[in-house]
Amino acid sequence: MVAIPGDRERDRHAERWDAGPALGAPAPGVGSPQVQELLRQVLDHTPAAVAVLDTDLRYLYVNLALARMNGVPPEQHLGRTVADVVPDVEARLDVLEEVLADGVPRETVSSGHTRADSPLESRYWHGAYHRLEHDGRVVGIVGIVLEVSAAREEQRELERARERLALLDEAATRVGTTLDMDTTCQELADFLVGRLCDAAGVEVLPESGTSRPPPPDGTLRLRRAALASGPGLEPVLRSLGQPDEYVDYQPGSAIPRCLRTGRPVITNLPDDEEFGRAAPDPANVTHYRAAGIHSALVVPLTARGHDLGTVSMVRSQDSPVFSAADVVMAQDLASRAAISLDNARRYTAEHNAVVQVQRALLSEPGRPHPDVDVAHRYRPAGRGALVGGDWFETVALDDGRTLLAMGDVMGHGLEAAVAMSRYQAMLRVVAEEGADPDGILDRLADLLLRTGNERPATCLIAVADPRNAICTMASAGHLPPVVFTRAGKAALVPVPPGPPLGTVRTRYTSYTIPCTPGGTLLLYTDGLIERRTEDIDVSLRRLTRVRPRPGAAPEDLLDQVLAEVAPASPEDDIALLAARPRG
């Protein structure tokens, strides 16, 4: 590994080549000066680096390519070892010694840096070596070397790309499993720890109006949505704050800079002053040092053109500082997680809006007649499910009768809630016509088929008539109601079910039962009893096993039904309506 020799150096080199015992006398037929000159030109001008070393592995000859590779003048090679000329190259001298010992040609890869300038982080060479012999005597070895740094770098980039894709694929199954924003943030923080950092935190911009009082002038307030760390860092980080707390960041610190520029902020091996500027609060630096934290990386969480927050990562103790490859990986993970967070944020906003719409529409049902006690409940599904179209209504009719209605619009979301309100409005209008339950359903079915733009819905209508001690019911595909007697026993009412409203044109049938003081009629939607892994008959039997205390008020009955029958995490909304005639 050498530099380019000049003419005088090359001539001296040629004399050493011709006279030295390493090569001996030229072979017959090729010893003429012309042939030797041609061979010298071949060696001197080939793009492959060629070197001849003696049995002590000292240079006897180097060609021009090897000279350029090493960046060392030729006269500084001759008589010196590889380690003398290029000490920063791992030349695999053990392989060369094996070639000298047994004469078996070998190939190997060496790495490091020569004295020639190079922008590469590390260089690699592939060498082929064979032994030289003369008169049965070992006189040295010849090495032919080609630089393979570019190929090695491409291979390393390919390996890094594969690792990055594998990590992103794993993240796709681990982050964003729900439509809950805080759960997604915690999944992201947990995923990063051990893979890209020793501790991670996710901070999100607070929703408008949720932070009281406002932050001091010049500071940025974020909500810490998630925090994760290895066992060694957990006590320190927990002492600095908990998830769901609001954190004020000093002007110019890492997180405000990251959000302002939209670019990652890296703080590798900072001194205390630089660490203090990057930290949310300069007073935290002492705690960071005590935990051995030496590097930090902040990456923005941005989706669909707007900022959601940041993800912060730190490394401590023996972990290396953050590299450019780490930043690329962190950005890829943050970009994917940001989409999940934005989906969760949008869902949460819609979910809350629909719940408020439903509660507003259901909070003031019509007033029953004074001789009927009515209680109602509405419980939306968990945050992981879309809000449904469950609804109920009470209407005071002529002759002291009270209409009770329970319905469930098919589908979920805001459209189902809006359709629910239209069903309520139509029911109130039709109920004023004074028909029996089957006639009311017939009239609703006619209206829906004429408009043709409503979602189908199940509906159960009951008309309580305490004066005549009867209750008449009709069903449009709804679950059967339950009657609780004064003694607390329960039974399903076999109301003939017709098709849901908005599906086919048909005529509905009413069913009448006694309506005596002390008995309670319960109407409900399917979210109360349905289980994916359970037959509906089993679920209905569970409801009829409820035993309220004798004389329990409708309010108390609903509380007991929810406690004993409703799923712990309902997948659908639950609406309940209980009515009991007074004595």
Side-chain angles (χ1 to χ4, degrees), residues 362-377 391-407 423-445 458-476 478-498 501 507-525 544 546 548-558 560-561 575-583:
L362 297 175
S363 61
E364 293 296 336
R367 293 181 179 275
H369 279 289
D371 54 1
V372 177
D373 287 333
V374 174
H376 51 78
R377 292 283 189 278
W391 58 278
F392 49 78
E393 185 59 273
T394 60
V395 180
L397 304 176
D398 295 337
D399 302 327
R401 297 180 303 156
T402 295
L403 181 145
L404 310 168
M406 177 67 67
Y423 270 102
Q424 282 183 299
M426 285 189 291
L427 175 64
R428 290 169 182 169
V429 173
V430 173
E432 294 296 332
E433 299 176 2
D436 288 334
D438 57 346
I440 293 174
L441 289 179
D442 288 341
R443 179 67 173 141
L444 285 173
T458 64
C459 184
L460 179 72
I461 293 179
V463 175
D465 186 357
R467 294 182 182 181
N468 296 306
I470 60 172
C471 183
T472 304
M473 291 166 271
S475 173
H478 203 81
L479 290 168
V482 178
V483 169
F484 293 87
T485 67
R486 181 192 296 270
K489 294 184 179 181
L492 296 172
V493 181
V495 182
L501 295 171
R507 292 296 173 184
Y508 295 92
T509 303
S510 290
Y511 185 84
T512 302
I513 62 173
C515 179
T516 57
T520 303
L521 178 69
L522 174 68
L523 312 182
Y524 55 93
T525 55
T544 59
V546 173
R549 61 177 177 80
E555 294 277 355
D556 297 332
L557 173 63
L558 295 185
Q560 184 175 353
V561 167
L576 301 174
L577 182 66
R580 184 179 68 179
R582 293 183 178 178

Self-check item: Asp436 vs Arg401 side-chain heavy atoms within contact, under 4.5 Å
Solution: yes
Exercise. To the nearest 0.5 angstrom, please state how far the CG atom of Leu441 sits from the CD1 atom of Ile461.
Key: 4.0 Å
Exercise. Would you confirm whether Glu393, through its side chain, and Leu404, through its main-chain N or O, come within 3.5 Å as a donor-acceptor pair?
Key: no
Practice problem: Check for a donor-acceptor pair, side chain of Arg582 on one end and backbone N or O of Pro466 on the other, with a separation under 3.5 Å. | Solution: no
Quiz item: So how far is it from Thr458 OG1 to His478 NE2, rounded to the nearest 0.5 Å?
Solution: 5.0 Å
Quiz item: Does the side chain of Val495 reach to within under 4.5 Å of the side chain of Tyr508, using non-hydrogen atoms?
Solution: no
Quiz item: Hey, does the side chain of Thr525 reach the backbone of Ala575 with a donor-acceptor pair shorter than 3.5 angstrom?
Solution: yes
Self-check item: Thr544 and Leu492: CA distance, side-chain angles, deciding distance, side-chain contact (heavy atoms from CB on, under 4.5 Å) verdict
Solution: CA-CA 7 Å; Thr544 59; Leu492 296 172; 3.8 Å; yes
Self-check item: Glu432 side, atom CD; Asp398 side, atom CG - distance, nearest 0.5 Å
Solution: 7.5 Å
Quiz item: What's the shortest heavy-atom distance between Leu523 and Pro481, and which atoms?
Solution: CD2-CB, 3.5 Å
Quiz item: Looking only at heavy atoms, what is the nearest atom pair of Arg428 and Val395, with distance?
Solution: CG-CG2, 4.4 Å
Quiz item: Does some side-chain heavy atom of Thr509 sit less than 4.5 Å from a side-chain heavy atom of Asp438?
Solution: no
Quiz item: Do you know which two heavy atoms are closest between Ala396 and Arg367, and how far apart they sit?
Solution: CB-O, 3.3 Å
Quiz item: How about Leu427 and Trp391: do any of their side-chain heavy atoms sit closer than 4.5 Å?
Solution: yes
Self-check item: Value rounded to 0.5 Å, distance of CG in Leu557 from CZ in Arg377
Solution: 10.0 Å
Exercise. Kindly indicate whether the side chain of Pro548, heavy atoms from C-beta on, has any atom under 4.5 Å from the side chain of Phe484.
Key: yes
Self-check item: Pairwise side-chain contact, Leu460 with Leu479, heavy-atom cut-off 4.5 Å (strictly under)
Solution: no
Self-check item: side-chain contact (heavy atoms from CB on, under 4.5 Å) between Asp465 and Leu397, intermediate numbers included
Solution: CA-CA 10 Å; Asp465 186 357; Leu397 304 176; over 6 Å; no
Self-check item: Non-hydrogen atoms of Val374 and Ala579 that approach each other most closely
Solution: CG2-CB, 4.1 Å
Exercise. Please name the pair of heavy atoms, one in Thr402 and one in Pro368, separated by the smallest distance, quoted to 0.1 Å.
Key: CG2-CB, 3.5 Å
Quiz prompt | Contact check, side chains of Val482 and Tyr524, non-hydrogen atoms, under 4.5 Å | solution = yes
Self-check item: Considering all heavy atoms, the nearest Phe392-Gln424 contact
Solution: O-NE2, 3.2 Å
Quiz item: How about Met473 and Leu521: do any of their side-chain heavy atoms sit closer than 4.5 Å?
Solution: yes
